[in-house]
Amino acid sequence: MSLRNRDGGEGGAGKITRRGLILTAAQLGFMGLLAARLRYLQVTEAEEFRLLAEENRINIRLLPPARGLIFDRDGRPIAENQQNYRIVVVRENAGDVAAILDRLSRLIPLGPEDHAAALKELKRRSAFVPVTVAEHLTWEQVASVSANAPALPGVSAEVGLSRHYPRDRDFAHIVGYVGRVTENDLNREDDQDPLLQIPKFQIGKTGVELKAERLLRGFAGTRRIEVNALGRVMREIDRKEGKSGTDLHLTVDSALQNYLMARMDGQSASAVVMDVKEGDLLAIGSTPSFDPNKFVTGISVADYKALNDDPFIPLSSKSVLGTYPPGSTFKMMVALAALEDGVIAPDETVTCRGYHELGNQRFHCWKRGGHGRVNLKDSLKQSCDVYYYEVAQRVGIEKISAMAARFGLGERHDLPLNGIASGLLPTKEWKERVIGEPWRIGDSLNAGIGQGFVLASPLQLATMAARIASGRAVVPKLLRAVDGVQTIVAEAAPLGIASSSLAAVREGMFAVSNETGGTAYSTRIAEKSMRLAGKTGTSQVRRITESERRQGIVRNEDLPWERRDHALFVCYAPVDNPRYAVSVVIEHGGGGSAFAAPVARDIMLEALYAGPPPPEAYPASQRTRISNERKKLNLRSEGA
Amino acid sequence: MSYLVHNLKTVPTGFRKVLYLNWALILLILAVVGIGLMMLYSVAGGHFDPWASAQAKRFAVGFVVMLGVAFVPIYFWRNIAGLAYVVSLLLLVAVELVGSVNMGAQRWINLGFIQLQPSELMKVTLVMALAAYYDWLDTGRLSRPAWVAVPLLLIAVPMALVLKQPDLGTALLLGLGGTAVMFLAGVSWIYFAVAIVSGGGLVTAVFLSRGTGWQLLKDYQYRRIDTFLDPSSDPLGAGYHITQSKIALGSGGWGGRGFMQGTQSRLNFLPEKQTDFIFTTLAEEMGFIGGISLLSLYGLIILFCFASAIANKDRFGSLLTFGLATTFFLFFAVNMSMVMGLAPVVGVPLPLVSYGGTAMLVLLMAFGLIQSAHIHRPR
């Protein structure tokens, strides 16, 4: 190194100092910028970033609440939650997943399809996510898996809750059933509960399960867990238990319901038992029925097809959804309308010659020879049609329909059930609007005997009978208590109908079942304190019935069942102090007196005695036959 | 009197050199490394393995190397500066030929016992070579175009090699570090003005060339720029680093979550938490106070280097100190800008803190050189 360089260095050093100052100052300035940035991120924006960090880190998992239980009026369970054992596999612990599944299939029912589906799901999910490979297992199956745990790494048993209906088919139409959440359910705007997002969560699909869904479902609990960037659960931070669904007590009596279902077994029929004062529905059933449990676990295609193809329509709740021409059971409405309107007096007679002439048209009575001179009581007792043609013609359709409306016909009663039919009470305005034709007097005559346009459901008929019995506007009721608190209903208001009119109709109904010559005399109750008052009905199958509509059949002489009349019966008992009203409709059953009345009487007695009635309740000649018939019924044995 | 004679009279010799070390600088380095080891311990979930213990060993080796370098007279380093530069350049070329591909970038030579990263070495040897060049160059010729071209070439060749790897961060550090030495040496302002203007032009060209046949940067580099400009555009993809880094930083707040309590880094939301993004862990766990403390320590290191350089009448020593301090500054300035979302994500570690062998070793060598200049400065 030369000295020249050193000398030059002196001058250079000065420059270095100056430029070094500049550079260092610039560096410190930039550090100031960094400090300001740090302060901005960590102090000014700290709150927001901390929130983002929590979102990153904390996952909220929902804890499904236990679904509310459903009981009958005596606290017997109708819908309960059963432990559902399932087998889950964690891929990362299992190693060779296919081999593990093979070994599992020797212990639990695991078909090739399930096997493939489970394998696919396991491959799709992250290695640490437990995948359910089988569920609804028995305790024995779970135990056998647990016993073989050493040979089944990554396999564990879990227990969840699943809906179970211990009463099987009895309440399938009323309580309904639950099922998986569908795409449709998720898209419903009125129900955006995050619980629906839980895989395999069950929600109500029909009946009370559907209508009381919000009560039964309860509220989700939450579990906050810390997850890492891959979603693996590191630890549970805290847990907030949810609120179980609300328990419901229905008004139904499951023993009576069981009897009712068994009594109508084999027929396409429906029946309703109602408390005449409170409106409590003690039993409300429709046969044939189905096992709702099949729908909970997922019904097989074959089973579903069988239910759907059955001409008796097991899936339909005929007691509330089915509407039928009420036939002669409607005559009380016509009579009351006429009595209240003053166009006829109870003692006034009409002569029945077997037909009623209107212009050149003849309206026939069911009795070809005619009933002769009949008053109101006789007209009900013998179900004379001509009397009602005459009366209907006098009082007119508007007043008949208005009277029937006061008895709950044509009204969609508010029950927690889906598909409640409103039936039909025709008016002149209605016919012009819907059918486009003017009302004819003949239409009134048909309506006078409950044919033509008039339609009523078994629920409405039972309500009508209850209102006749009590003289009050009792409203059918299905919910007895919510969460143990009884639903209080104020005493029903009086109908505002002259008691003399009601008495006249009741007298006629009494005669039907208790006087010789009454259409239901043979199905009377012998026990004096329990006697019933009723009315038979036989409605011609003029309209397409519920079952026909579903089948889309053409009338076929080879299928006589389809052509037969519907058999109806409405009644209340005991006549002196009415407690229950019963309606029975047997589709294509034939005559009401021969087919519906015996069923109604049996159900009524079962209700009145709160169990099997003593033989003395029946007329002496029928006791042996009835007790034999009862033995054949497929009744559930009530434990405890 | 020759330079050597002059120095022999005044420069400490033997063990006396220990007394003349810049002890403040050593204490600052120890403090920074201590913070780094703490954070490595923390990100490993409270374990010395796998990072903290390895890093401590490297530091121990590096510290000895630093002292060794420090005790060698500064003129020796000046004399071998050219050689060191050539060797580094050859190693960079070798990386092209035998380097192992790692993390999408070709940066290492596996020498068996150490993964050598020649680009890191080049950061020091380039500054050495430039300082030696300007020490040798007559000040009168400083700004002559021919004499400016030489250092520009010295900078451009390694930069080009590093860019080819590709390692944008290191290329940036080499370019800025080299330019800083030229600036300090007193090259005319005009050149820098021209450089800034043409640099602006280059940036424009880079953006304009995108998608054309003569595209200047790799696609991934463009994507990094894109996500830097708008991290939210791709929060789970390329923008993930920046977004997560800011979340971790910001959630620290004033005082932080507490040592070992950082959730974001522990739960692996942060990428490369032990290397380039370690500052976020510090900021999350120690908060603003912790972050500003580290920044202050770095600032003090810069200031002590500045003081040492100012006091050094030896042109080589002064330039070297300034240049290396600037390189050191560039390390943490680029890294912090990156994790705080002020700069694109380029692979630059946080000096003395990030986990990594070569960087630690090279940085301590650089401080050894600064110490050597400090000890052997003319008095």
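Everything numeric in this text was worked out from a predicted model, so none of it was measured. Order of the sequence lines sets the chain letters (A, B, ...), proteins ahead of strands, with each chain counted from 1.
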From CA spacing to verdict: side-chain contact (heavy atoms from CB on, under 4.5 Å), B:F279, A:L38: CA-CA 11 Å; B:F279 184 66; A:L38 195 61; 3.8 Å; yes
Most chain B-contacting option - heavy-atom pairs closer than 4.5 Å, from A:T24, A:I22, A:L33: A:T24
Contacts of type side chain to side chain donor-acceptor pair (under 3.5 Å), residue A:S162, not counting sequence neighbours: A:Q202
A:R37, CZ: over 12 other non-hydrogen atoms inside 6.0 angstrom: yes
Gap separating the CZ atom of A:R18 from the CD1 atom of B:I310, nearest 0.5 angstrom: 11.5 Å
A:R19 (side chain) donor-acceptor with B:A180 (main chain) under 3.5 angstrom: no
Nearest-0.5 Å distance that lies between atom OG1 in B:T280 and atom CG in A:L41: 11.5 Å
Pairs of heavy atoms under 4.5 Å with chain A: top-ranked of B:I302, B:T326, B:L319: B:T326
More than 12 heavy atoms of other groups within 6.0 Å of A:F219 CZ: no
Which of B:G287, B:G291, B:A309 touches chain A most, by non-hydrogen pairs under 4.5 Å: B:G287
Nearest non-hydrogen partners of A:A46 and B:G253, listed with the distance: CB-CA, 3.9 Å
Atom group of B:F322 that falls short of 4.5 Å from chain A, counting heavy atoms: side chain
Sub-4.5 Å side-chain heavy-atom contact between A:Y40 and B:M340: no
Part of B:S296 within contact of chain A (heavy atom distance under 4.5 Å): neither
Considering all heavy atoms, the nearest B:L303-A:L28 contact: CD2-CD1, 3.8 Å
Short side-chain to backbone donor-acceptor contact, A:Q42 and B:L249, under 3.5 Å: yes
Where B:A333 and A:L34 come nearest, the two heavy atoms and their spacing: CA-CD1, 4.0 Å
Contacting region of B:F288 [heavy-atom separation from chain A under 4.5 Å]: both
Partners meeting side chain to side chain donor-acceptor pair (under 3.5 Å) with A:Y85 (sequence neighbours left out): A:Q83
Within 6.0 Å of CD in A:E47, more than 12 heavy atoms from elsewhere: no
Greatest number of heavy atom pairs closer than 4.5 Å to chain B - which of A:Q27, A:M31, A:E45: A:Q27
Residue pair A:A35 / B:I292: nearest heavy atoms and the distance that separates them: CB-CD1, 3.3 Å
